[in-house]
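Following: one structure in structure tokens, then a few remarks.
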Amino acid sequence: MSALKNDLLLKALKGETVSRTPVWMMRQAGRYLPDYIKLRDKYSFFERCENPELATEITVMPVDQVGVDAAIIFSDILVVPQAMGLEVQLVEKVGPLLPAPIKSAADLQRVCVPDVQERLHYVFDALKLTKKTLDGRVPLIGFGGAPWTLLCYMVQGKGSKTFDEAKAFCYQQPEVAHQLLQMITDTTIAYLKAQVAAGADTVQVFDSWGGLLSPQDFEVFSLQYIRQIVAAMKDICPTIVFAKGAWFALEDMAATGAHGLGIDWCIKPELARQFAGNNITLQGNFDPAKLLAPIPEIEKSVKEMLKGFGRQRYIANLGHGILPNVPVDHAKAFVETVKAHG
């Protein structure tokens, strides 16, 4: 393996001094890139995921075309429920669909903690090929979904703004819910460890729906499982936890031992730092929709964000995934403004 030529992201996660702020964007591999759209029109989502050559090509695109300081492997959090035994369909412009969701204790018989090498080998093959293709240019990020967020899809069976069915499942059948959450946790730990073995330099845990829970329920149904994942990974590689909307738990998430915390755009940088403390790296928190503003406005807002977070223990990113209708030159303006900031 080639030595990393750009290790800004890893230095920032470890709290080391950086010459400038590292920058990448969630969902940077795909959606808004014209070359990705050509592949999307030719191959189904899982064809793109499960073909290591295609996944590598997509993963490297934003490094080549936008200039980000890290690559994140092209995949999806729902490969884990799929590997556990549920059918998962990803319908373009509609979203995920799980036709036979979990509704009762009896349904747990249909899922298992799988052999990740057997069921998810295509992700590891893609990581290995991507690592080789990057040739040390930038770090490679692996990822998985947080157990609560994966439970939401496995119970609701589709996307939702409220995931009321998933919440009702947890409140009405808590023992079954915790059994499923533990199965997801065990699978995710094995999955992330295998990603690192295949070449990931760091991993991020996405809790996209953590903010739907009250502070008390976030601890019960999400954080206690994230804590297990971080504990299992912390001596293997730096870990980043991103729980959208869960600003109320920043202090508790920082106490997990994670190296970084993703921040959405609904909290001021100064307040996020106050809650999280000084011993953890913050990542975020540009509103993805603001990339649709005129470029001078993007540049101005990025500079304000950078000033709010400061240079040390900080990674510039969006507060959620990049939107499909963002012009490529606007994404580039975001990245280049961070890179140019003194």
Identify, with sequence neighbours excluded, every residue that meets ring pair (Phe, Tyr, Trp, His ring centres under 6.0 Å) alongside Phe334.
Phe286
What's the verdict on side chain to side chain contact (heavy atoms under 4.5 Å, CB included) for Val205 and Ile240, showing C-alpha distance, side-chain angles and the deciding distance?
CA-CA 6 Å; Val205 179; Ile240 306 167; over 6 Å; no
Is any side-chain N of the basic residue among Glu219 and Arg227 closer than 4.0 Å to the acidic one's carboxylate O?
yes
Ring pair (Phe, Tyr, Trp, His ring centres under 6.0 Å) involving Phe242 - partner list, sequence neighbours excluded:
none
Under 3.5 Å, is there a donor-acceptor pair between the side chain of Gln195 and the main chain of Leu192?
no
Spell out, yes or no, whether Leu291 and Met305 are grouped together once hydrophobic residues are joined by side-chain heavy atoms under 4.5 Å, including indirect joins.
yes
Shared hydrophobic cluster for Phe45 and Leu97 (ILVMFWY, side-chain gaps under 4.5 Å)
no
Closer than 4.0 angstrom, basic N to acidic O: yes or no for Lys131 and Asp201?
yes
Determine the minimum heavy-atom distance between Thr21 and Ala316, stating which atoms define it.
CG2-N, 3.7 Å
If you apply the rule side chain to side chain contact (heavy atoms under 4.5 Å, CB included), what do you find for Tyr225 with Trp148, and how did you get there?
CA-CA 8 Å; Tyr225 297 101; Trp148 159 252; over 6 Å; no
Hey, is the main chain of Glu297 close enough, under 3.5 Å, to the side chain of Ser301 for a donor-acceptor pair?
yes
Sequence neighbours excluded - salt bridge (Lys or Arg N to Asp or Glu O under 4.0 Å) pairs with any residue from residues 267-291:
none
Going by an N to O cut-off under 4.0 Å, is there a salt bridge joining Asp35 and Arg40?
no
With a 6.0 Å cut-off on ring centres, are Phe221 and His178 close enough?
yes
Around atom CZ of Arg27, are there more than 12 heavy atoms from other residues, nucleotides or ligands closer than 6.0 Å?
no
Using a 3.5 Å distance criterion without hydrogens, assess whether the side chain of Lys339 forms a donor-acceptor pair with backbone atoms of Gly67.
yes
The test is salt bridge (Lys or Arg N to Asp or Glu O under 4.0 Å); show your working for Asp107 and Arg110 and say whether it passes.
CA-CA 6 Å; Asp107 289 331; Arg110 297 191 282 115; 3.4 Å; yes
Hey, any chance Ile226 and Ile236 share a hydrophobic cluster, counting ILVMFWY side chains that come within less than 4.5 Å of each other, even indirectly?
no
Dump the intermediate steps for salt bridge (Lys or Arg N to Asp or Glu O under 4.0 Å) on Asp69 and Arg20, then the final yes or no.
CA-CA 11 Å; Asp69 291 314; Arg20 66 165 174 82; 2.8 Å; yes
Verify whether one side chain among Gln89 and Glu87 offers a donor that lies under 3.5 Å from an acceptor in the other.
yes
Does one hydrophobic cluster hold both Leu39 and Tyr32, with members joined at side-chain heavy-atom distances below 4.5 Å?
yes
Shortest non-hydrogen pair, Ala200 vs Gly142, comes out as CB-N, 3.8 Å
Go through the steps for Tyr43 and Asn51 under the test side chain to side chain contact (heavy atoms under 4.5 Å, CB included), then give the verdict.
CA-CA 10 Å; Tyr43 303 98; Asn51 181 311; 6.0 Å; no
Are any of the side-chain nitrogens in Lys332 or Asp329 under 4.0 Å away from the carboxylate oxygens of its partner?
no
hydrophobic_cluster_shared for Ile189 and Val123, side chain cutoff 4.5 Å
no
Connected hydrophobic set around Leu8, excluding itself, where side chains approach under 4.5 Å:
Val18
Is the side chain of Thr239 donor-acceptor paired with the backbone N or O of Lys234 at a distance under 3.5 Å, no angle test?
no
Looking only at the side chains, is there a donor atom on one of Asp264 and Asn285 sitting less than 3.5 Å from an acceptor on the other?
no
Step-by-step side chain to side chain contact (heavy atoms under 4.5 Å, CB included) determination, Phe46 to Val88:
CA-CA 10 Å; Phe46 281 114; Val88 178; 4.1 Å; yes
Any side-chain donor-acceptor pair under 3.5 Å between Glu16 and Gln312?
no
Look at atom NZ of Lys5 and say whether more than 12 heavy atoms of other residues, nucleotides or ligands are closer to it than 6.0 Å.
yes
Taking the six-membered ring for Trp, is the centroid-to-centroid distance between Phe169 and Phe163 below 6.0 Å?
no
For the residue pair Thr56 and Thr130, confirm or rule out a side-chain donor-acceptor distance under 3.5 Å.
yes
Work out which heavy atom in Val116 is nearest to a heavy atom in Phe124; give both atom names and the distance.
O-CE1, 3.4 Å
Only one of Arg31, Gln65, Arg48 passes side chain to side chain donor-acceptor pair (under 3.5 Å) with Tyr36; say which it is.
Arg48
Among residues two or more places apart or on two chains, list those pairs meeting side-chain hydrogen bond (donor to acceptor under 3.5 Å, both in side chains) that have a residue in residues 314-327.
none
Heavy atoms from other residues, nucleotides or ligands near CD of Glu251 exceed 12 (cutoff 6.0 Å)
no
Thr187 side-chain N/O to Val113 backbone N/O, donor-acceptor pair under 3.5 Å:
no
Minimum heavy-atom distance between Met253 and Ala258, given as atom pair plus value
O-CB, 4.5 Å
Ion pair Glu165/Lys103, N-O distance below 4.0 Å
yes
Under 3.5 Å, is there a donor on one side chain and an acceptor on the other for Tyr171 and Asp217?
yes
Ring pair (Phe, Tyr, Trp, His ring centres under 6.0 Å) partners for Phe248, two or more places apart
Phe218
Please give me the minimum heavy-atom distance between Ala71 and Leu134, naming the atom from each residue.
CB-CD1, 3.9 Å
Which pair of heavy atoms, one from Ala70 and one from Leu9, lies closest together, and at what distance?
CB-CD2, 4.0 Å
